Each structure stands twice: as C-alpha cells, then as structure tokens.
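Computed from a prediction, not measured in an experiment: that's the story for all the values here. If you read the sequence from its start, that first residue is 1, and numbering goes on from there.
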Amino acid sequence: TPQEGKLFFPIPAMSADGSNIAVAGVISGGGENGYVFTSSTDGATWTDVTPEDDVINYWTSIDMSDDGETLAVLGIDLAGGEDYAMYSSQ
C-alpha cells in the first residue's frame, strides 16, 4: 500500500476491470493533509496524485470512471470546519 502501510481511513475506488485503483486517506506522521494515490498496475506501484493546492485533511468520498481515466474526490478541512473541496482529474 502507499507509504508502507501508513495510510489510515482509506477510501477506495476502482475501474470496472479492476486494473486501475485509487485510494484516499490520511498518512500517519505525514502532516495535516489527506492524500490521494492511484495505481494502474493492479496495486504493484502507486503514484501520489494529491491536488497541489490541497488544504483538505480528510477525504470523504472518491470515485473513478469505469475506464479508470477520470477520478473525483470530495473532502473537508476539519481544522477549518467549513471548507469543502471537490477535485476532478478531468
């Protein structure tokens, strides 16, 4: 898994054929923000695709298109209490 198994509260999403996987969560000891990772190698390797302007520290939902090309995540800034954000790869 991403970051040597230190991803807590993971929320998964997967393409229809299962070859593309995405997971969002919180990294233990990785700071205050949440993280988003993807794999197109059936989970053998992972890429950090966390949005660059991310202020979210808890991702609440993640979804992936059937072909694995589009990813959408929704999150909340728990520190601020009222900031929500939605990111899409398209």
Side-chain angles (χ1 to χ4, degrees):
T1 61
Q3 297 291 321
E4 300 176 7
K6 296 180 183 179
L7 187 67
F8 289 97
F9 309 113
I11 304 168
M14 190 177 296
S15 62
D17 67 2
S19 63
N20 293 292
I21 306 165
V23 63
V26 177
I27 300 288
S28 172
E32 298 179 0
N33 288 354
Y35 293 86
V36 182
F37 292 93
T38 60
S39 173
S40 59
T41 58
D42 300 314
T45 58
W46 293 90
T47 302
D48 184 346
V49 295
T50 306
E52 290 181 22
D53 60 346
D54 175 34
V55 295
I56 301 303
N57 57 19
Y58 184 72
W59 294 108
T60 59
S61 181
I62 187 170
D63 200 8
M64 180 179 282
S65 62
D66 285 346
D67 63 5
E69 294 296 318
T70 305
L71 180 67
V73 290
L74 175 69
I76 183 172
D77 177 7
L78 293 178
E82 296 182 18
D83 293 330
Y84 291 85
M86 199 283 277
Y87 295 96
S88 174
S89 62
Q90 291 291 317

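To the nearest 0.5 Å, atoms OG1 (T70) and CG (N20) are separated by 11.0 Å. To the nearest 0.5 Å, the span separating CH2 on W46 from CD1 on I21 amounts to 4.5 Å.
Panel note: side chain T50, backbone Y35; no donor-acceptor pair is recorded below 3.5 Å.
Applying the side chain to side chain donor-acceptor pair (under 3.5 Å) test to T60 and every residue at least two apart in sequence or in another chain returns nothing. Legend: residues meeting side chain to side chain donor-acceptor pair (under 3.5 Å) with D67, ordered by chain and number and at least two apart, are S65.
When all heavy atoms are compared, the tightest approach of M64 to S15 is SD-N, 3.4 Å. Scanning all heavy atoms of the two residues, the minimum distance from A22 to I62 falls at CB-CD1, 3.8 Å. Nearest approach of D63 to L71, heavy atoms of both residues: O-CD1, 3.3 Å. Residues I11 and S61 come closest through the heavy atom pair CD1-N, 4.1 Å.
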